[in-house]
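All ligand and atom numbering here is 1-based and tracks the order in the structure. Side-chain atoms are counted along with the backbone in the values below, which use heavy atoms only and exclude waters and symmetry mates.
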Amino acid sequence: MKKRTFVKGLLLSAGALLLPKKARALEYYPNKSDKKWAVLYATWCGSTRDAGVWISEGMDGIANVFDVRENPDLSKYDHIVIGGAIRSNVTSQELQDYLKKNKDMLKNKIRGYFAVCGNMMRPVGPEQTKLFIDNHLVQLTGVGNVPSKVFLGRITYGLMEPDVRKQMEGFKMPEYDNLKRSECMEFGKELLKTVSS
Ligand SMILES: Cc1cc2nc3c(=O)[nH]c(=O)nc-3n(C[C@H](O)[C@H](O)[C@H](O)COP(=O)(O)O)c2cc1C
């Protein structure tokens, strides 16, 4: 191999290594749309990420899906759905901080909320909507009167921080998986209908 080709190759691979840093947000959406939708989620163990992706799937995959830990710039989106996993009745501190920090930008763009909880494996009802959506997410954003949904999630011990795992195992909580893709997709469809084409 010629020296110049070798050096060029080296530079190209170095560039490829740098690229993922620049374009960090995962591009989940397979379909283009003139409507700019984003789903913002906060998760510890991944069930809320899956709910977010499945909500987007219900919208025929047009919503891009962001983890709040990436601190995404959502200002270019017109329609935003916000959801968080629940621990001790609230979403993660990162999501709470993000919503406070970006309150003005989000004000006219929020089209829906969701929360993912365990609810001791019991079905969810209006009580959970009040607790996690109306008295929590809506209080943080100041935006109410949009559709919302509370989903039952999962417990996966292998994904928990060691101290949390120990605590949860102490409660003799079994692992469970109550998150339903069909319910998440249904909510995505419902949200899409709220914005006229
Ligand atoms: C430490 C801890 C605290 C939790 N607190 C609550 C709670 O207050 N209310 C509730 O309904 N579920 C609670 N859950 C259940 C989670 O909300 C449920 O497992 C959810 O699917 C987690 O979402 P994630 O996988 O996106 O992190 C808790 C789970 C853990 C591990």
Side-chain angles (χ1 to χ4, degrees), residues 24-29 37-59 61 63-72 74 80-100 102 106 110-141 147-188 190-191:
R24 260 208 353 249
L26 291 172
E27 301 285 327
Y28 283 113
Y29 58 107
W37 281 84
V39 177
L40 175 72
Y41 69 84
T43 183
W44 281 276
C45 294
S47 39
T48 311
R49 172 203 59 221
D50 292 350
V53 173
W54 291 337
I55 287 169
S56 177
E57 282 188 27
M59 302 171 140
N64 204 351
V65 185
F66 295 94
D67 188 323
V68 74
R69 288 172 294 194
E70 290 177 344
N71 189 27
L74 298 182
I80 298 173
V81 185
I82 295 166
I86 299 297
R87 280 192 179 181
S88 305
N89 288 331
V90 292
T91 56
S92 75
Q93 195 57 51
E94 286 99 333
L95 182 63
Q96 296 184 45
D97 292 345
Y98 184 95
L99 297 181
K100 282 184 214 157
N102 293 285
L106 293 168
I110 297 175
R111 303 290 175 256
Y113 298 105
F114 66 102
V116 181
C117 70
N119 202 34
M120 304 296 278
M121 295 179 284
R122 289 190 299 259
V124 288
E127 210 181 305
Q128 283 70 41
T129 302
K130 194 168 177 200
L131 193 60
F132 306 143
I133 310 289
D134 304 337
N135 293 347
H136 179 52
L137 291 176
V138 170
Q139 298 307 312
L140 290 162
T141 61
S148 66
K149 181 90 186 167
V150 179
F151 300 106
L152 287 174
R154 295 192 294 257
I155 285 284
T156 314
Y157 281 122
L159 298 179
M160 281 177 198
E161 311 92 301
D163 55 328
V164 174
R165 176 176 183 161
K166 210 170 156 195
Q167 186 196 0
M168 296 300 281
E169 282 178 335
F171 296 139
K172 302 268 179 261
M173 176 71 68
E175 286 199 316
Y176 57 76
D177 178 6
N178 291 325
L179 186 65
K180 300 238 173 354
R181 178 169 171 263
S182 56
E183 287 180 8
C184 299
M185 287 185 67
E186 205 48 55
F187 185 53
E190 183 190 329
L191 290 172

- E127, CD atom: more than 12 neighbouring heavy atoms under 6.0 Å: no

- Which residue owns the protein heavy atom closest to atom 12 (N) of ligand 1, what's the atom, and how far is it? G118 N, 3.0 Å

- Query: Under the salt bridge (Lys or Arg N to Asp or Glu O under 4.0 Å) test, which residues partner E169, sequence neighbours left out?
  - Reply: R165

- Query: Which part of C45 is near ligand 1, with near meaning a heavy atom under 4.0 Å away: side chain, backbone, both or neither?
  - Reply: both

- For K130, which residues count as a side chain to side chain contact (heavy atoms under 4.5 Å, CB included) partner, sequence neighbours excluded? D134, N135

- Message: Evaluate L95 against L137 for side chain to side chain contact (heavy atoms under 4.5 Å, CB included), listing each step before the verdict.
- Response: CA-CA 9 Å; L95 182 63; L137 291 176; 4.0 Å; yes

- Atoms of ligand 1 under 4.0 Å from any heavy atom of M160, numbered from 1 in the order shown, are 31 (C)

- Task: Could you tell me whether M168 approaches ligand 1 through its side chain, its backbone, both or neither, with non-hydrogen atoms closer than 4.0 Å?
- Result: side chain

- Working to the nearest 0.5 Å, report the span between CG of L179 and CG of L152. 8.5 Å

- Message: For atom 16 (C) of ligand 1, what is the closest protein heavy atom, and at what distance to 0.1 Å?
- Response: I86 O, 3.3 Å

- Task: Flag the pair F151 / D50 as yes when at least one side-chain heavy-atom distance between them is below 4.5 Å, and no otherwise.
- Result: no

- Task: Inspect the surroundings of CD in E186 and state if more than 12 heavy atoms from other residues, nucleotides or ligands are less than 6.0 Å away.
- Result: no

- Does ligand 1 have a heavy atom under 4.0 Å from the side chain of Q167, from its backbone, from both, or from neither? neither

- Message: Within the 4.0 Å heavy-atom shell around V164, which atoms of ligand 1 are there?
- Response: 1 (C), 31 (C)

- Task: Could you tell me whether some N/O pair between G46 and ligand 1 is separated by less than 3.5 angstrom?
- Result: yes

- Item | Donor-acceptor contact present, side-chain Q128 to main-chain G125, <3.5 Å | yes

- Closest candidate by heavy atom, reference atom 8 (O) of ligand 1, pool N89, V90, V150: N89

- Which ligand 1 atoms are under 4.0 Å away from a heavy-atom of G153? 21 (O)

- Geometric N/O contact R87 with ligand 1, under 3.5 angstrom: no

- One finds that the ligand 1 atoms under 4.0 Å from a non-hydrogen atom of T48 are 23 (O), 24 (P), 26 (O)

- Item | Nearest neighbour of atom 7 (C) of ligand 1 from the list A115, S88, C117, on a heavy-atom basis | S88

- Residue, atom name and distance, where the atom is the protein heavy atom closest to atom 18 (C) of ligand 1: R154 O, 3.6 Å

- Item | Distance filter under 4.0 Å to V116 heavy atoms, resulting ligand 1 atoms | 17 (O), 20 (C), 21 (O)

- Task: Check step by step if side chain to side chain contact (heavy atoms under 4.5 Å, CB included) holds for D97 and V68.
- Result: CA-CA 10 Å; D97 292 345; V68 74; over 6 Å; no

- Message: Only heavy atoms of S47, strictly under 4.0 Å: list the atoms of ligand 1 that pass.
- Response: 20 (C), 21 (O), 22 (C), 23 (O), 24 (P), 25 (O), 26 (O)

- Item | Atoms of ligand 1 close to N119 [distance to a heavy atom under 4.0 angstrom, numbered from 1] | 10 (C), 11 (O), 12 (N)

- Task: Check whether any side-chain N or O of S56 sits under 3.5 Å from a backbone N or O of A63 as a donor-acceptor pair, and report yes or no.
- Result: yes

- Message: So K180 and W54, do their side chains get closer than 4.5 Å, heavy atoms only?
- Response: no

